[in-house]
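We count residues from 1, following the sequence as given. Just follow the structure's listing: the first ligand is 1, and inside any ligand the first atom is 1.
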Amino acid sequence: MFSMKDGIYRNTCPRNCYGTCGILSHVKNGRLIKVTGDPEHGYSKGSLCAKGYAFTQYVYSPERIKYPMVQCPRGSGKWKRISWEEAYTTISLKMIELNQRYGSNLASGYNKFSGNLGLLHYATEGMFNSIGPHTKPIGNPCALTGKLAMNRSFGESFSSVPEDMAGSKLIVLWGANPAVTNVHQMKFINEARQKGAHLVVIDPIFTQTAKKADLYIQIHPGTDRLLADGIAKLIIEKQEHSLEFLEEQTTGWPEYKHYLENQMTIKEVCKQTGIELEALIELSELYGRIKPVSTWAGLGVQRNSLGSDSISAINSLAAVTGNLFIPNGGLYFMHFDVDDFPCALKNHKGPLHPTISEPREVDISDFASNALQLTEPPLKFLWIASRNITQDHNLKAWSDLFQELELIVTVDLYMTKTAEKSDIVLPAATHFEEEDLNVGYWHYWLSINQKAIPPYYEAKSDLQIARELTTKLNELSPGFSNFPATKEPIDWIKGELTPEIMDLYALNSYKDLLQRPYQKNIEKNFSTKRKNFHLFAANGKKNQMRERQAEPNGYQLITPQALLKIHSQYEALTWLHGRQDESYIELSAEAAQRNDINDQEKIAVFNDQGQIIGVAKINSHLPKNIILAHQAGNNPINQLIIQQNKKDDVSTYFYDSIVYIRKWSEANV
Ligand SMILES: Nc1nc2c(c(=O)[nH]1)N[C@H]1C(S)=C(S)[C@@H](COP(=O)(O)OP(=O)(O)OC[C@H]3O[C@@H](n4cnc5c(=O)[nH]c(N)nc54)[C@H](O)[C@@H]3O)O[C@H]1N2
Ligand SMILES: Nc1nc2c(c(=O)[nH]1)N[C@H]1C(S)=C(S)[C@@H](COP(=O)(O)OP(=O)(O)OC[C@H]3O[C@@H](n4cnc5c(=O)[nH]c(N)nc54)[C@H](O)[C@@H]3O)O[C@H]1N2
Ligand code: SF4
Ligand SMILES: [Mo]
């Protein structure tokens with residue numbers, strides 16, 4: 001498996017992306033010369049996206065970090081190459097000293113998110129678990145709001161089989177933009193449409209996906225709950241609901257029905273959502289008339305403080321029409337079936353501490369502000385991997401936290417804004433330079449990732465780094481860590497493939513995965529999930545989104561994913577990006593006129609968090625109270641984002657922020 005001869009290897013795109021695509025890597029003289037899609041992968045079916053095809057540039061980009069480096073002083077840009085040995089020694093000495101100072105490892109912590117989602121990338125979690133109680137992030141800044149809402153509806157995570165969408169007769173996309181974020185899904189959507197299916201897109205932005213729709217509904221952000229409830233109300237009024245299903249397979253039907261009939265009006269729905277009655281009626285007729293329907297509650301819906309209820313209401317609408325568990329119908333979000341696996345690195349148990357029983361958990365969606373509150377001991381050492389903190393909100397808190405930290409280590413492939421603020425950077429390997437096992441969160445395929453090429457300069461996998469740092473820690477302080485440092489990647493992979501998993505995927509050995517990816521037994525997977533569904537009645541809840549948006553001169557900042565990036569990633573690739581294209585700020589013609597801004601003119605977008613400069617792009621389809629910009633690495637829009645409606649729950653409210661705009665020339669005086 002790991003011989004690295006010339007030839008073709010099986011890899012998997014490990015990005016935080018719906019595709020988790022199978023890749024065939026063509027290697028000659030130890031170099032990756034070409035990548036193609038793996039035709040054996042049942043979901044991606046032999047193709048990649050533009051970012052995938054650009055992997056040869058990604059691997060050999062001169063902007064990749066080549067060696068471990070230290071920056072002194074931090075933030076000065078004065079980097080010095082150091083050896084791995086020196087890096088490990090410096091880090092280990094600091095960790096050991098902090099342990100002696102505070103009597104535990106709680107002053108040491110990490111922040112890790114979604115750079116590489118392969119199972120062996122839980123090495124970072126494993127490495128920290130292995131030192132006993134420490135400070136660790138919990139939660140999910142991408143999908144937690146929606147995940148909790150799915151749990152409220154289904155009692156667990158739920159997402160239908162994406163290939164089945166090809167047989168749907170009606171596809172309703174709420175706050176999902178697959179033409180940009182999930183290009184392979186468009187094939188299944190197109191297949192359905194060729195067979196006569198209708199496509200409905202509900203989005204405040206007239207997206208690339210919306211352009212293809214039969215019916216596009218431009219909704220006010222944050223008001224999806226009202227729309228879903230309104231459609232359900234109309235359907236029930238016309239007796240087009242699926243009574244048998246509702247009575248037999250759901251809970252909460254009487255309350256839900258009572259709520260729809262007595263506590264909400266269609267007039268209010270139209271007012272709050274900004275949608276004309278005719279559109280509402282048309283959508284309700286489609287839902288009432290057609291079966292099977294696929295309803296997709298997209299991630300965009302849950303990025304505001306009302307998103308949780310919106311997702312639950314969309315799920316309930318899918319249930320009302322009896323579409324939940326029928327072939328080629330269903331409800332789409334994303335699944336968390338990776339948790340079926342042992343995830344041995346993530347769940348590795350560390351040594352016991354005499355007085356502290358648990359690690360110290362910090363909500364990742366507000367990590368910096370929470371970490372700043374920590375005392376006894378404060379957080380002093382932070383390890384950052386698979387994470388660009390510029391994709392978080394509240395970046396001011398991050399700069400305050402960085403001031404408090406005595407050592408910041410970032411493991412990355414590129415010199416990100418996060419790496420630039422660190423004391424030490426360590427070069428991470430690409431997935432072509434390491435072994436892994438990959439599970440999708442959208443489709444149900446499992447695939448292997450072979451080591452196809454030697455590492456770029458001195459890059460190492462996160463697992464290799466965990467092994468080597470552990471060895472150094474134990475050399476300097478015997479027994480400091482119980483990480484199984486001698487265990488090889490293949491052993492970790494085999495460990496994930498338990499008899500239950502092998503059975504679920506019909507595998508005989510890991511070697512089968514060298515021949516092709518394997519799909520989970522779908523029947524088995526869903527058979528336990530079809531027990532119960534809970535209908536959501538938003539009794540007594542008001543929708544305050546509109547009131548917030550009424551702020552004078554303010555615009556709601558919507559910052560969804562971009563086609564040729566994954567969040568902050570890929571900006572350095574010239575195959576994908578001209579340098580100037582990354583800070584377009586889209587505004588309506590009315591907003592432009594009101595602020596005396598011309599198309600292509602330099603503008604400032606600002607609020608009390610800060611200011612960013614960009615190029616104005618007038619978008620005649622944009623609602624007048626919305627500013628649209630995309631996530632970015634070099635000029636991160638998240639500088640302007642802070643969780644406004646802070647609630648007790650952990651959350652993903654990136655689209656709640658209000659911003660103001662002005663001509664750059666004025667901003668500059
Ligand atoms: N090319 C590319 N693909 C990606 C990614 C990437 O960065 N680039 N990221 C991946 C990741 S991690 C994720 S989470 C997914 C996300 O992918 P999607 O699920 O498609 O979600 P987003 O692109 O965040 O938002 C989708 C749409 O929601 C709309 N929206 C915003 N607010 C609302 C609202 O209140 N109501 C409604 N109805 N719509 C709203 C936005 O305008 C946007 O068009 O994409 C994945 N795929
Ligand atoms: N404004 C705004 N902000 C958002 C969102 C939004 O819609 N709007 N969406 C949110 C969402 S959906 C998400 S998922 C998060 C994403 O948040 P992050 O996961 O922090 O985002 P990325 O920019 O993908 O950063 C991942 C980093 O990991 C690095 N990396 C890649 N592979 C490896 C590896 O093998 N090892 C190591 N050590 N590093 C690696 C990459 O080079 C990159 O720097 O952003 C959130 N932030
Ligand atoms: S970024 Fe997404 S669509 Fe593109 S190759 Fe990777 S997994 Fe596939
Ligand atoms: Mo995400």
Heavy atom of Gln569, distance to ligand 1 below 4.0 Å =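 Judged by the 4.0 Å heavy-atom criterion, Gln569 does not count as contacting ligand 1.
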
Sub-4.0 Å heavy-atom contact, Leu563 with ligand 1 = yes

For [X] and [Y], test the side chains for any donor-to-acceptor distance below 3.5 angstrom and give the result as yes or no.
{"X": "His567", "Y": "Gln561", "result": "yes"}
{"X": "His431", "Y": "Asn449", "result": "no"}
{"X": "Asn638", "Y": "Thr390", "result": "no"}
{"X": "Glu40", "Y": "Trp445", "result": "no"}

For [X], the ligand 1 atoms whose distance to one of its heavy atoms is below 4.0 Å:
{"X": "Ile219", "answer": "38 (N)"}
{"X": "Gly222", "answer": "34 (C), 35 (O)"}
{"X": "Thr207", "answer": "44 (O)"}
{"X": "Cys142", "answer": "14 (S)"}
{"X": "Asn304", "answer": "35 (O)"}
{"X": "Pro204", "answer": "30 (N), 33 (C), 37 (C), 39 (N), 40 (C)"}
{"X": "Lys565", "answer": "1 (N), 2 (C), 6 (C), 7 (O), 8 (N)"}
{"X": "Arg303", "answer": "14 (S), 16 (C), 21 (O), 22 (P), 24 (O)"}

Would you call the rings of His443 and Tyr43 parallel, tilted or perpendicular, where under 30° means parallel and over 60° means perpendicular?
-> tilted

Using the six-membered ring wherever Trp is involved, compare the ring planes of Trp296 and Tyr18 and label them parallel, tilted or perpendicular (cut-offs 30° and 60°).
-> perpendicular

Measure the shortest side-chain to side-chain distance between Ile641 and Gln609 over non-hydrogen atoms and say whether it is less than 4.5 angstrom.
->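 In short, these two side chains do not touch, never coming nearer than 4.5 Å.
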
Please examine the side chains of Gln218 and Pro623, heavy atoms only from C-beta on, and report whether any two atoms are closer than 4.5 Å.
->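 They are in contact (side-chain heavy atoms under 4.5 Å apart), so the answer is yes.
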
Quick one: do Arg64 and Glu433 make a salt bridge, cutoff under 4.0 Å?
->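 Looking at Glu433 together with Arg64, the answer is yes, because their closest N to O distance falls below 4.0 Å.
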
Basic-acidic side-chain contact under 4.0 Å: Arg152, Asp309 |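 Yes, Arg152 and Asp309 are salt-bridged.
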
Could you check [atom] against the protein and tell me its nearest heavy-atom contact, residue, atom and distance included?
{"atom": "atom 44 (O) of ligand 1", "answer": "Asp203 OD2, 2.6 Å"}
{"atom": "atom 12 (S) of ligand 1", "answer": "His567 NE2, 3.0 Å"}
{"atom": "atom 23 (O) of ligand 1", "answer": "Gln561 CG, 3.1 Å"}
{"atom": "atom 25 (O) of ligand 1", "answer": "Gly300 CA, 3.5 Å"}
{"atom": "atom 26 (C) of ligand 1", "answer": "Gly175 O, 3.2 Å"}
{"atom": "atom 19 (O) of ligand 1", "answer": "Tyr18 OH, 2.6 Å"}
{"atom": "atom 10 (C) of ligand 1", "answer": "Asn16 O, 3.1 Å"}

Count, excluding waters, the protein N, O or S atoms that are closer to atom 6 (Fe) of ligand 3 than 2.8 Å.
-> 1

Partner of Trp442 under ring pair (Phe, Tyr, Trp, His ring centres under 6.0 Å), chosen from Phe333, Phe188, Tyr332, Phe336 |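 Of all the options given, the one that passes is Tyr332.
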
Could you walk me through whether His121 and Glu434 pass side-chain hydrogen bond (donor to acceptor under 3.5 Å, both in side chains), step by step?
-> CA-CA 10 Å; His121 282 79; Glu434 62 186 14; 3.1 Å; yes

Does ligand 1 come near enough to [X] that some N or O of the ligand is less than 3.5 Å from an N or O of the residue?
{"X": "Tyr441", "value": "no"}
{"X": "Thr181", "value": "yes"}
{"X": "Ala562", "value": "yes"}
{"X": "Asn182", "value": "no"}
{"X": "Asp224", "value": "yes"}
{"X": "Pro221", "value": "no"}
{"X": "Leu299", "value": "yes"}

Under 3.5 Å, is there a donor-acceptor pair between the side chain of Asn607 and the main chain of Ile658?
-> yes

Taking Tyr555 for the side chain and Leu628 for the main chain, is one N or O donor matched with an acceptor at less than 3.5 Å?
-> no

List in chain and number order the residues that pass side-chain hydrogen bond (donor to acceptor under 3.5 Å, both in side chains) with Tyr287, two or more places apart in sequence or in another chain; answer none if no residue qualifies.
->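 Listed in chain order: Thr295.
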
CD of Glu276: more than 12 outside heavy atoms within 6.0 angstrom?
-> no

Apply side chain to side chain contact (heavy atoms under 4.5 Å, CB included) to Lys51 and Arg15, showing your working.
-> CA-CA 10 Å; Lys51 301 177 291 293; Arg15 293 288 90 87; over 6 Å; no

Step by step, work out the ring-ring contact (aromatic ring centres under 6.0 Å, His included) result for Tyr444 and His335.
-> CA-CA 9 Å; Tyr444 289 89; His335 65 74; 4.2 Å; yes

